[in-house]
Amino acid sequence: MVLGSTGSVGTQTLDVIRELGLDVTFLAAGRNVRLLTEQIREFRPKTVSVADEATAAELRKLLGNDAPEILCSPDELLDAVRTTDSDIIFHSIGGLEGTAAAFAAADSGKRVAMANKEAIIAAGDRIFDRIRASGGDLIPVDSEHSAVFRCLEGRHGAENLNRILLTASGGPFFGRSAEELKNVTPEEALAHPTWKMGPKITIDSATLMNKGFEIIEAVRLFGVPEDRVDVVVHRQSIIHSMVEYTDHTVLAELSHPDMRDCIRYAATAPNTAPVMSPGLDFAALGSLTFAAPDMKAFPLLDIARQAIRTGGTAPVSLIAADEEAVAAFLSKKIGFTEISSLVLETLGAVEVSYTISEESISEAARQARAVCGNLLKR
């Protein structure tokens with residue numbers, strides 16, 4: 001089962017499924033009918049889910065007699081996720097909109113290969129409660145947390161863990177000062193030096209907001225306090241993250257930067273699958289470098305830490321405010337450095353609920369978007 005099959009991670013997931021020769025029983029997409037049609041013709045799922053009836057009608061017209069069962073309501077999708085007979089649910093629906101599907105996947109009792117960081121940030125504790133109750137398991141697909149998961153595998157025990165070190169590429173603006181970042185254009189910010197990603201996550205990488213989200217995600221996934229999750233800039237993106245134990249020995253996961261490696265491992269863990277591409281040539285790499293992030297130029301890292309310290313729905317408000325601010329930047333309504341100031345001002349104006357539910361998450365996001373929208377009008 002692949003949720004978000006037409007997105008960036010979803011299409012890479014299908015690359016891995018093709019490579020491993022796995023069966024696909026279910027595809028969920030939004031409105032990208034052309035790509036979904038191609039995926040249906042290749043993978044022959046029994047059921048697909050789309051955003052609405054109009055999209056479903058268009059899909060039926062394109063596929064004719066070859067159309068599988070087509071679902072077109074959120075409730076139908078969530079019920080299908082909860083009751084799936086698939087062995088693995090690949091969850092790559094982006095944004096807070098994927099939270100309901102994350103809860104449903106957690107209830108399924110299956111393995112959840114989780115690429116949606118927003119759901120983990122917003123409601124990670126609740127999701128893991130449901131995972132434990134259903135007897136399922138969850139493996140992160142985000143490259144940094146996949147690396148941490150692999151370094152910790154078989155060594156779970158907070159008493160032995162000193163800290164988690166998340167590596168950051170530094171984005172396209174590493175080394176620039178806060179003053180130099182004021183006139184950055186969306187086109188420049190979208191030119192990531194290492195990873196091929198969607199526009200929202202690419203901008204978050206440029207501001208280091210993505211790394212701030214990953215700090216919160218690590219707290220949720222691995223049960224460590226925020227002050228034991230550090231960030232180090234590693235421009236080569238060969239080390240995907242590291243774990244330091246109490247004896248100060250460090251384990252690191254190294255590979256070429258390719259999201260498919262993380263997806264593949266989520267499908268096969270604790271085993272690995274052979275790949276045809278060449279491995280690392282350390283002599284050719286020559287050297288690996290590290291640097292501390294510039295907190296003045298990239299303040300969203302610290303803003304993320306403030307949100308997880310506050311707790312409750314503050315991380316939800318952070319996600320929603322960032323989505324609004326990034327959209328405003330991409331449409332050239334605000335400058336690059338105004339993303340962080342807009343997010344910070346929004347967080348200072350919203351209420352925080354310490355009851356985490358689908359309803360409180362939705363309300364926190366709605367309030368943050370409204371506040372951010374009013375600030376943009378001002």
Side-chain angles (χ1 to χ4, degrees), residues 3-4 74 78 91-107 112 114-131 138 140 142 145 198 200-201 203-205 207-226 229 299-329 339-376:
L3 310 181
L78 297 180
H91 186 330
S92 56
I93 298 172
L96 287 168
E97 292 78 9
T99 302
F103 280 129
D107 290 337
V112 182
M114 179 61 77
N116 178 298
K117 63 165 54 71
E118 290 86 357
I120 296 297
I121 291 166
D125 293 345
R126 300 292 179 270
I127 289 169
F128 278 108
D129 286 345
R130 294 191 182 201
I131 288 277
L138 185 148
D142 204 0
H145 301 91
K200 166 64 166 59
I201 192 171
I203 300 302
D204 284 344
S205 180
T207 63
L208 293 196
M209 181 74 268
N210 191 51
K211 207 54 53 179
F213 287 145
E214 288 174 5
I215 292 171
I216 302 175
E217 195 178 0
V219 171
R220 303 284 199 224
L221 286 169
F222 305 113
V224 297
E226 163 269 324
V229 183
L300 283 169
L301 267 179
D302 191 54
I303 292 171
R305 290 190 183 276
Q306 292 176 36
I308 189 60
R309 288 174 196 148
T310 300
T313 57
V316 178
S317 300
L318 175 68
I319 292 168
D322 179 67
E323 287 179 356
E324 296 298 309
V326 168
F329 169 67
I339 295 174
S340 57
S341 57
L342 184 59
V343 169
L344 182 60
E345 194 169 355
T346 299
L347 290 184
V350 297
E351 298 176 1
V352 177
S353 170
Y354 289 91
T355 299
I356 301 299
S357 65
E358 290 183 52
E359 293 74 21
S360 68
I361 290 169
S362 178
E363 174 56 24
R366 185 204 63 76
Q367 186 183 140
R369 294 186 204 284
V371 169
C372 199
N374 288 333
L375 291 171
L376 281 166

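What you see is a predicted model, and the numbers here were worked out from it, not measured in a lab. We use all heavy atoms of the structure for the numbers below, so side chains are in, but hydrogens, waters and symmetry mates are not.
Atom CG in Leu342 sits 9.0 Å away from atom CD in Glu324 (nearest 0.5 Å). Once rounded to the nearest 0.5 Å, the distance linking CG of Asn116 with CG of Asp142 reads 10.5 Å. Distance check, rounded to the nearest 0.5 Å: CG of Asp302 to OG of Ser340 gives 11.0 Å. Between His145 atom NE2 and Lys117 atom NZ the span is 7.5 Å, to the nearest 0.5 Å. Between the CG atom of Leu3 and the NE2 atom of His91 there is a distance of 6.0 Å, given to the nearest 0.5 Å. Between the SG atom of Cys372 and the CD atom of Gln367 there is a distance of 12.5 Å, given to the nearest 0.5 Å.
When all heavy atoms are compared, the tightest approach of Ala314 to Ala307 is CB-O, 3.6 Å. The minimum heavy-atom distance linking Ile93 with Ala101 is given by the pair CD1-CB, 4.1 Å. When every heavy atom of Leu318 is checked against every heavy atom of Leu347, the shortest pair comes out as N-CD2, 3.5 Å. Closest non-hydrogen pair, Ile361 versus Val316, comes out as O-CG1, 3.4 Å. Residues Thr207 and Asp204 come closest through the heavy atom pair OG1-O, 3.2 Å. Considering all non-hydrogen atoms of both residues, Ala325 and Val343 come closest at CB-CG2, 4.0 Å.
Taking the ring axis of Phe103 as reference, the NZ or CZ atom of Arg130 stays within 45° of it and closer than 6.0 Å to the ring centre.
The only option from Glu217, Met209, Lys211 that meets the side chain to side chain contact (heavy atoms under 4.5 Å, CB included) definition with Phe213 turns out to be Met209.
In this structure, the side chains of Asn210 and Ile201 come closer than 4.5 Å at one or more pairs of heavy atoms. Within the 4.5 Å cutoff, the side chain of Asp322 has heavy atoms near those of the Lys200 side chain. Inter-residue side-chain proximity for Ser317 and Thr346 is flagged as unmet; no heavy-atom pair is nearer than 4.5 Å. Put simply, the side chain of Leu221 reaches to within 4.5 Å of the side chain of Leu138, judged on heavy atoms.
With hydrogens and angles ignored, the 3.5 Å screen pairs a side-chain donor or acceptor of Ser360 with a backbone N or O of Thr355. The closest donor-acceptor contact from the side chain of Thr313 to the backbone of Ser353 lies under 3.5 Å.
Enclosure of atom CD in Glu358 by more than 12 non-hydrogen atoms of other residues, nucleotides or ligands within 6.0 angstrom is indicated.
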Audit row: Val352, Thr310, side-chain contact (heavy atoms from CB on, under 4.5 Å) steps and yes/no: CA-CA 8 Å; Val352 177; Thr310 300; 4.1 Å; yes
